[in-house]
Amino acid sequence: MNRSILENKFFLSWALVHLAVFIFFLTTLLCGTRFKINAGLFDILPESSSSKEAKDAENVLSSKTGRMFLILVKDKEFSAAKEKAVRLYDLLNSGKNSEYFENIDLYVDDNVFDEIYSFYSRHRYHLLSKEETELLSTDDGVEQFIAESQAQLFLGTSTSIDADEDPFALSETAIQGALSKLINSGTSMQVLDGVLCKRFGDHEYIMIRGLLKPEGVSITNKKSGVKIIKDCIAQLREEIKAGESDAEIFVSGIPFHSYESSSSAQKEISIIATVSIILIVLLCFYIFKNAVPVVFSVGAITLSSLCALCTVLTVFKEIHILTFVFGTTLIGTCLDYSIHYFVRWKSNNSLKDGSEIRNHLLKGLTLSLISTLISYILLAFTPFTLLKQISVFSAAGILSSYLTVTGFYPLIKMPGKRKEIKLAGVLERLSLKFDKKKKQAWFVKLIFVICILFIQGRNNIKIDNSLRSMYSMKGELLNNEAEVSKVLNSGTTGWYFIVKGKTAEEVLEKEEKLCEGLADENKDPYSKCNCVTKFIPSVKRQKESYAALEKILPFAEEQYELLSYESADAKQKAQWLKNNYISSKDNYVTMDGDVPEFIKKAAGNFWLGKIGDCYYTCVMPVNIYDTAMLKKLADQDNDFYFVNKTGEIESELNRLTKIILILLGAAFVIMAVILKIFYRLKDVLKIMSVPLVTAASCIAVLGVCKIPLGFFSVTGIVLVFGLSIDYIIYSIESASNKNISEKSMLGGDVSGGNSLGNSSSGNSSEGENTLSIVLSFTSSALSFGLLALSSFNPVFVFGLTVFAGLTAALTGTFFTKYE
Amino acid sequence: MKKIAVFITGLFLCSALFAQTNEFKDFCKRNAESKIVRGDFELVQYNEKNKDAKRKSEGTFTLSVKDGIIWFTKKPVAATQVMMSTKIIQEVRGRKKVIDGKENPTFLSIAKITSSVFAGDYAEIEKNFDIEVFAVDYCYESGREDFEVELTPKKDSAIVTFIKKVNLTICVYDDNAEAKGYKTCYISEFSMTDSGGGVSQYTLNNQIETDTLNTDEQKYFRE
């Protein structure tokens, strides 16, 4: 027995392929590779079309913004709001909670303003604004500058000027320049009693800001920072409720959306997979009335899923949670093969053992495998990781299933009593009611219905991947974001520039050039944008500031006299000032220098640092909505990259959708060529008409449902394309087997059994095949039909497309007549 | 922001008039009725850490309930500073610098609190300051009564970060003053101490009430 198994090439193929997959996986694992399950919503999106350098910088920025969050605590009185904010802050920092956060900020040092004034005082020679520096370029400008500095000393706002050290009030001038820029950009919160707050409407809002640790973003393990935040907020809400307060808490930030969508996707996957497996198992029990098909079918699905998972992890080192969602379709497809086998195993008396069943099904199964693999493998050529993962996952799973059915199933002991499955007889009789003409008439009717649907939904048949439709905020999170947006009114659009430079200095100089461009375009000297140089200018600009101020030194003595110094003292002080100026020459401000923490953090939000061989910063326009102007600015320098992430991702998805459609066309042609090797041209045309009708019905149904053709719907069409070919091939193979058995009977060859038996075999073969296809459809429809119930739009669209396509494929197959 | 806060507060507080706490509401009401006030000012600035280094200046001012206040500094240098609820304008030798705070909540809330004093909004003043009347003097011959008031920002007030305290000297004259065309009650001195110890001490003299702005004043306020 053992020897015969080892000589069985089908079994050996099954064993070797599975062994190889698991050995590769284990080897990779033992080599120290850390596999991960990616649950981030935004990771399913394709990369934008920016250059490689900009992409790397974008990734650094995304990795930061994707972890940033903020919480607003709202109450009627400031003290009450602060008390709750402090409580929440303490909860977030209690025990091991703080391990999930890189930082959480509630408190702002009350001395922050003194620190800032001290900073501007220390660096007063280097921090003049560009406008003031330019003013000093002419003699008249110098006179003006002196006059203004004198006015500065004697106006009511100059109490903190140390005129003894700074007789030209340079620190005040520098601060005013910086303030003008900061005020213009609209920092929406204010420092009050050591916290950031804002009064909006009749309520006070206190802000808590934070950054999750990279591992804290994950939802697939216990280290979810978002879950910690939600738990802490829930606890505080309980306390608020107990205290009968009206305080409210609002959250905002990408991590919350990622968590919400991913966790709901996870829940849905669990529910869909569980319900579909339970229903399919019950269906199998009902049809087969035997535990063997059910146990082995579930075993085959499990093995296929494991094989698929291991292959994806070995190839990609990670798997996205959505690959699992689309992978649930594998359950239906894998089950198809098992159904075809076990229907014969259970009821076809003419097939004596497993090997005969395999031989009976082999051509159909192999062609089905080829068609499905072609559909999936073509997806692997798209430049999109998620599709590649789905492609590898499904291809590996289906190959595993095929090998199990052809290599392992024939080893299963045949049942003692084999009798016709009643439903097969019913379906056979139903099929016989439709003769060739009736079937042709119904096929035409099907096409007519599709045409009607096409006409009805024609206006919606277009390629459009709107990110907004992919994920829409709802419920509590929507209310939270709406409230936060109202309160903060940040004016950011999601568009930004990435600026590149070979050195840290060069990138700052380029950033200043871009900001000047923005200022010129907006006719606003305080260009409405947030960036690093708003806080820390380039050394070049600092040198210009320092050099320009040399022109005012000859007026120092006069300035001191104005400050009531005696002539001799004034002369002495003027000399001191000159020495102080000279000794401060190299006292430049740099990111890693003696910059106050407040300024360092503010500038740090836009400083991306060294990536590869270059340095990068980010410039975010505020309240500017003219994208054409922003693009024009970016075109002025090769090191400016304008990033409109949403727009770029949408156009990238549109491009991908077109690529997939073209690949689908290629798959259609390849399959037709392959089928021509096995069938007559007339049969090939019949076979290929079914996937064509299937794809058309998917597009028509989507049009009627007002869903434009998008990436996820087209992926669904690719899947049904393969499945519909399966159905028609099984049917044509069944008809072919029937013809062979009828011919052999007419030719008087009764060696394989009595004539009645063969005749019966031929007819029942058609019934069995129809039953197999109906069962395949039902199992797939259960999987995909349930996906169409998903609240996650991409999954819903995918499920709807596949369900519509499968229905059309089944109908089309049933009404196609074979001879 | 600190400078602006100090300045806004100082300017608006000029018009605040508190004689004593229990009459505070009446004074606020009376003050709010004033439309435009003109007068002379002397300003002394120093830091509490170095009281010897004082900077002195003088000029005239115009206070408008509706628009804000203009300081026309004449000596030792000529300069004009205009303080409004949403912006500050500074002009020297015809060159103007504008700090526009209309989109900045800190600027706006400070302006709101200080203008509440200016507009005689008692509820808003009481909400943001602890008020203390700590000295009263009366001169029978001149008919002048002086009050000294200290305003300390409450800890949840938007200006607490910037202002340590505000001291006011308020004069109330008898009816003879009104007959001569002078204000019968006004702030004669106020000093403001910022959180860094900087002190701005204003003395306000020759205050006269009027109904209309002149062309120059209109030009600044309509900027």
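Keep in mind that this is a model prediction, so the values were computed, not measured. Convention: sequence-line order gives letters A, B, ...; per-chain numbering from 1.
Counting only distance, with no hydrogens or angles, the side chain of B/Arg93 and the backbone of A/Ala147 share no donor-acceptor pair below 3.5 Å. Side-chain atoms of A/Gln144 come within 3.5 Å of backbone N or O of B/Val92 as a donor-acceptor pair.
Environment of NZ in B/Lys96: crowded, with over 12 heavy atoms of neighbouring residues, nucleotides or ligands closer than 6.0 Å. Residue B/Lys97 places its NZ atom among more than 12 non-hydrogen atoms of other residues, nucleotides or ligands, all under 6.0 Å distant. No more than 12 heavy atoms of other residues, nucleotides or ligands lie within 6.0 Å of CD in A/Glu77, so this atom counts as exposed by the packing criterion.
Here the straight-line distance linking atom CZ of A/Phe145 with atom CZ of B/Arg95 works out to 9.0 Å at 0.5 Å rounding. Here the CD-CD distance, from B/Gln90 to A/Gln152, works out to 4.5 Å after rounding to the nearest 0.5 Å. Interatomic distance, A/Leu155 CG to B/Gln45 CD, rounded to the nearest 0.5 Å: 7.5 Å. The line from OG of A/Ser564 to NZ of B/Lys54 is 12.0 Å long, rounded to the nearest 0.5 Å.
For B/Lys75, no part lies under 4.5 angstrom from a heavy atom of chain A. Heavy atoms of A/Leu135 lying under 4.5 Å from chain B belong exclusively to its side chain. Both the backbone and the side chain of A/Glu143 come within contact range of chain B, each with at least one heavy atom under 4.5 Å from a heavy atom of that chain.
Here the closest heavy-atom approach between residue A/Phe154 and residue B/Val77 is recorded as CD1-CG2, 4.2 Å.
Of all the listed residues (B/Pro76, B/Ser57, B/Gly59, B/Gly94), the one sharing the greatest number of non-hydrogen pairs under 4.5 Å with chain A is B/Pro76.
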